[in-house]
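Working notes, beginning with the structure itself.
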Amino acid sequence: DTGVSQDPRHKITKRGQNVTFRCDPISEHNRLYWYRQTLGQGPEFLTYFQNEAQLEKSRLLSDRFSAERPKGSFSTLEIQRTEQGDSAMYLCASSLLRGSQETQYFGPGTRLLVL
Amino acid sequence: QKEVEQDPGPLSVPEGAIVSLNCTYSNSAFQYFMWYRQYSRKGPELLMYTYSSGNKEDGRFTAQVDKSSKYISLFIRDSQPSDSATYLCAMSSDSNYQLIWGAGTKLIIKP
């Protein structure tokens, strides 16, 4: 499968624990995005990378959230000291920016439940 | 007011009907318009991508953009039960590639 993959697909954790999610983008894609989606809403932008550089981070993203893309390939999203309000689907998307054309392809998501 | 408005539905239609899904937006800088389909507990899947105004057709799907009215539509012909999903519109501008999303419309096609 050459699409975007995410791991794990599901995560249940207790409040206060740290969690880390991984995203493997489509090979050769230079941009990688993280989104959060709750029921009945569209995806909410969290952050994105161009190659290994993190270019933008949502103002809504608290300091408990951090993302990395160390070699410009896979990315990790870590949430420290999880709260019940962090329960959501975390989506990763990748794209290849060509001039002004860009299409984002999404992974299956990681569903997080914080108890 | 949200930048992109989309009726959440649910929209329920019989199999074979023509479906019309719509989004309105407020930012005149938007130039790129997308429709994504999302099945329950899955990631969004790109259906249609349109630049600026006009129509684009792909099989049973037609996307329309009317920039003068700040209104976009997705039409599905000969709808099938497998089309039952949530349909999300998304858009962006030349100066900011970040996608702005509608909340999604839940579509149900009854056999």
Side-chain angles (χ1 to χ4, degrees), chain A residues 1 3-10 21 23-26 29-50 54-61 88-113, chain B residues 1-11 21-25 27 29-52 56 58 63 72 74 85-108:
Chain A
D1 188 349
V4 179
S5 62
Q6 291 186 246
D7 184 68
R9 295 291 307 278
H10 304 275
F21 308 142
C23 171
D24 286 90
I26 293 172
H29 277 191
N30 53 5
R31 284 194 166 187
L32 187 149
Y33 295 78
W34 285 100
Y35 292 87
R36 176 171 60 192
Q37 187 179 26
T38 53
L39 198 63
Q41 300 297 317
E44 173 192 15
F45 170 78
L46 294 179
T47 188
Y48 89 95
F49 295 83
Q50 181 151 315
Q54 188 172 16
L55 294 188
E56 191 170 343
K57 198 172 170 181
S58 169
R59 289 168 298 181
L60 302 173
L61 205 61
M89 170 85 94
Y90 289 84
L91 293 163
C92 174
S94 71
S95 70
L96 180 62
L97 183 64
R98 286 186 176 138
S100 59
Q101 292 273 345
E102 180 184 18
T103 301
Q104 294 184 27
Y105 295 90
F106 283 80
T110 295
R111 185 169 292 277
L112 173 67
L113 177 61
Chain B
Q1 186 185 3
K2 292 182 180 179
E3 274 192 284
V4 178
E5 297 279 359
Q6 186 176 9
D7 188 330
L11 176 64
L21 303 166
N22 311 293
C23 288
T24 59
Y25 62 95
N27 188 346
F30 288 146
Q31 294 274 30
Y32 305 93
F33 303 92
M34 285 136 276
W35 285 96
Y36 282 82
R37 177 175 61 195
Q38 187 173 26
Y39 291 112
S40 181
R41 301 181 179 275
K42 304 286 187 186
E45 168 195 10
L46 180 68
L47 277 179
M48 301 289 282
Y49 181 105
T50 310
Y51 173 70
S52 195
K56 185 173 183 179
D58 184 0
I72 69 170
L74 177 71
T86 295
Y87 290 79
L88 297 144
C89 63
M91 45 200 81
S92 64
S93 63
D94 274 330
S95 60
N96 187 344
Y97 300 115
Q98 185 182 134
L99 291 179
I100 307 301
W101 295 80
T105 298
K106 184 173 183 178
L107 175 65
I108 301 169

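Note: hydrogens, waters and symmetry copies are ignored here, and every other heavy atom, side chains too, is used. We name chains A, B, ... by the order of the sequence lines, and we start the count at 1 in each one.
Checked against the 6.0 Å centroid threshold, A:Y33 and B:W101 do not count as a close aromatic pair.
Going from atom OG of A:S95 over to atom CG of B:L99 covers 8.5 Å, rounded to the nearest 0.5 Å. To the nearest 0.5 Å, atom NZ of residue B:K42 and atom CZ of residue A:R9 are 5.5 Å apart.
A:Q104 and B:Y36 make their closest contact through O-OH, 2.8 Å (heavy atoms, listed as atom of the first residue, atom of the second, distance). Heavy atoms only, all atoms of each residue included: B:L88 and A:G42 are closest at CD2-CA, 3.8 Å. Here the closest heavy-atom approach between residue B:P44 and residue A:L91 is recorded as CD-CD1, 3.8 Å.
Listed options B:M34, B:K106, B:R41 were ranked by heavy-atom pairs under 4.5 angstrom with chain A; first place goes to B:R41.
Of the two parts of B:Q38, only the side chain, counted from C-beta on, holds a non-hydrogen atom closer than 4.5 Å to a non-hydrogen atom of chain A. Using a 4.5 Å cut-off between heavy atoms, A:E44 makes no contact with chain B at all.
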